[in-house]
Amino acid sequence: MHTHRFLVTGGQKLKGMVKVGGSKNAALPIIAAALLTDEEVVLTNVPDIADVAVFSKILQAVGVETHYDGDCFKILAKTVKNIEVEHALVSKLRGSSLLLSPLLVRNKEVRLAFPGGCVIGKRPIDAHLDAFKALGAHVLASDEFLHLKTDQLVGCDFTMTEASVTGTENAIIAAGQTTIRLAASEPHVQDLCHFLNAMGAKISGIGNHTLHIEGVDKLHGAEHRVTSDYLEAGTLVIAAAITGGEVTVQDIRPHHLDVFWQKLREVGVQFELGDDYVTVFPSNHLKAITLKTAIFPSFPTDLQAPFATLLTKAEGTSSIFETLFEGRLQYLHELEKMGLQPRTLSPYRAEFAGPVQLKAATVASWDLRAGAAVVLAALAAEGQSEITDIYYIDRGYAKFEEKLRSLGAKIERVE
Ligand code: EPZ
């Protein structure tokens, strides 16, 4: 698995149509929330990615029945065992922090071996623990090992200590009659709220930074189609733009990417937006810009590396300001191997002059979005590149090379 690599021969203008899959960052919290009921939950448009497979194994480890056919994911949590969730599984998946809330609600206790930060940053979970304390839980251990207990979770009106995405999702799943302020509002947080309302919850303010949750006695089973993955959509749009191709990306939700479209226009990429698709046209004379990430609805940190890769083709000096993660500019070292001359000004800031004709090289994937970025770079580079550590990409992108190949890219997976 870890020896898999991509071989990419650049220079092909991508052409045709491609459909975006279900959102990884929505599927994970929704699968966790499905544990709140002992009735069957049926999810569709669940992406066939490694993170979903690992999460499924963790659910089975605590006695939950799951069935997945590559699209439809069925969950039946008749009971949930109050056992320690083993490190071997949890360490593979940062998103396993999302288990804290449903296990705490169901069993009034949760013990989870928890991995600390990862390559893109420390990624603290203080925001999660502060939310659980506000809701009446006691944190008995919170380092490599998390242990939380409660006599009774109580709803309240509290403010997150930062607009953490999974911190907010944990708070929503654990909350009773509650108001959550400084809530993250990413499309996947919104989709979790819609799913919980389908289970009988009464959540209002969806899409804003203040959520009102009315307490309900019981949540019932539900069916839900997971929202489309705006991060995959953005990545595929950039694949079209960086190769100067003409591609239609289907099954998107345009309003999940408002600032992304603004930045594409600022760079000079030509595209036409429909109600559930975007068509990218060949564009030249791209212009350098300043790219700054922040919480939704600002420019998403998860599209920073792919977008910066597009900027290697833009005229002028582009400046990148990654305000959320202190370790998310590492992919620039890989682009340096391809001929870019980036200047890293701090763990959060970098700049580089363009346009640069990237040259093929052997490059690594630093995290799943950095991995996608170096694939995009290889699509635009002259010659054949090799991309290593692509299991990162498999964590969050379903059938990535198949989708690119269907658009004419020369990419193959080799052992
Ligand atoms: C979620 O991670 C996503 N994971 C990440 O996606 C994504 O990069 C991240 O949100 C940010 O959008 C899932 O949804 C499963 P955080 P999470 O707690 O919840 C800092 C991917 O690529 N921060 O929102 O762990 C915070 O300290 C993965 O799909 C602020 O500084 O992220 C942390 O360092 C990777 N101020 C970082 O941002 C804020 O107001 C992310 O925090 C909020 C957060």
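As the structure lists them, so they are numbered: ligands from 1, and atoms in each ligand from 1. Source: prediction; values computed, not measured.
Gln190 and His256 share no donor-acceptor pair across their side chains, judged by distance under 3.5 Å alone. With hydrogens and angles left out, the side-chain atoms of Asp258 and His255 include a donor and acceptor closer than 3.5 Å. Looking at Ser319 and Arg349, their side chains never bring a donor and an acceptor atom within 3.5 Å of each other. Between the side chains of Ser23 and Tyr230, no donor-acceptor pair of N or O atoms lies under 3.5 Å.
Counting heavy atoms closer than 4.0 Å to ligand 1, residue Thr301 contributes side-chain atoms (C-beta onward) but none from N, CA, C or O. At a heavy-atom distance under 4.0 Å, only side-chain atoms of Arg328, from C-beta outward, approach ligand 1. At a 4.0 Å heavy-atom cut-off, ligand 1 touches Thr166 through backbone and side chain alike. Within the 4.0 Å heavy-atom criterion, both parts of Val165, backbone and side chain, lie near ligand 1.
Taking every non-hydrogen atom of Leu368 and a distance limit under 4.0 Å, the qualifying atoms of ligand 1 come out as 21 (C), 22 (O). Every atom of ligand 1 with a heavy atom of Arg369 under 4.0 Å away is listed here by number and element: 21 (C), 22 (O), 29 (O). Counting atoms of ligand 1 from 1 in the listed order, those under 4.0 Å from a heavy atom of Ala163 are 39 (C), 40 (O), 43 (C). Atoms of ligand 1 lying under 4.0 Å from at least one heavy atom of Ile295, given by number and element, are 39 (C), 40 (O), 43 (C). Near Arg94, with a cut-off below 4.0 Å to any heavy atom, the atoms of ligand 1 are 25 (O). With ligand atoms numbered from 1 in the order given, ligand 1 contributes 21 (C), 28 (C), 29 (O) to contacts under 4.0 Å with heavy atoms of Lys24.
For the pair Thr323 (side chain) and Thr293 (backbone), a donor-acceptor distance under 3.5 Å is present. Glu412 places no side-chain N or O within donor-acceptor distance of the main-chain N or O of Val8, the cut-off being under 3.5 Å.
Closer than 4.0 Å to atom 25 (O) of ligand 1 lies at least one heavy atom of the protein.
Cation-pi contact between Arg413 and Phe6: absent, since separation from the ring centre below 6.0 Å together with deviation from the ring axis within 45° is not met.
When the heavy atoms of Phe296, Tyr392, Phe325 are ranked by distance to atom 9 (C) of ligand 1, first place goes to Phe325.
For atom 15 (C) of ligand 1, the nearest non-hydrogen atom of the protein is Asn25 OD1, 3.5 Å. Atom 20 (C) of ligand 1 has its closest protein heavy atom at Leu324 O, 3.7 Å. The nearest heavy-atom contact from the protein to atom 27 (O) of ligand 1 is Glu162 OE2, 2.8 Å.
Screening Asp191, Asp251, Asp71 against Arg225 for a salt bridge (charged side-chain N to carboxylate O under 4.0 Å, His left out) leaves a single residue, Asp251.
Relative orientation of the Phe307 and Phe260 rings is perpendicular, given thresholds of 30° and 60° on the angle between their planes.
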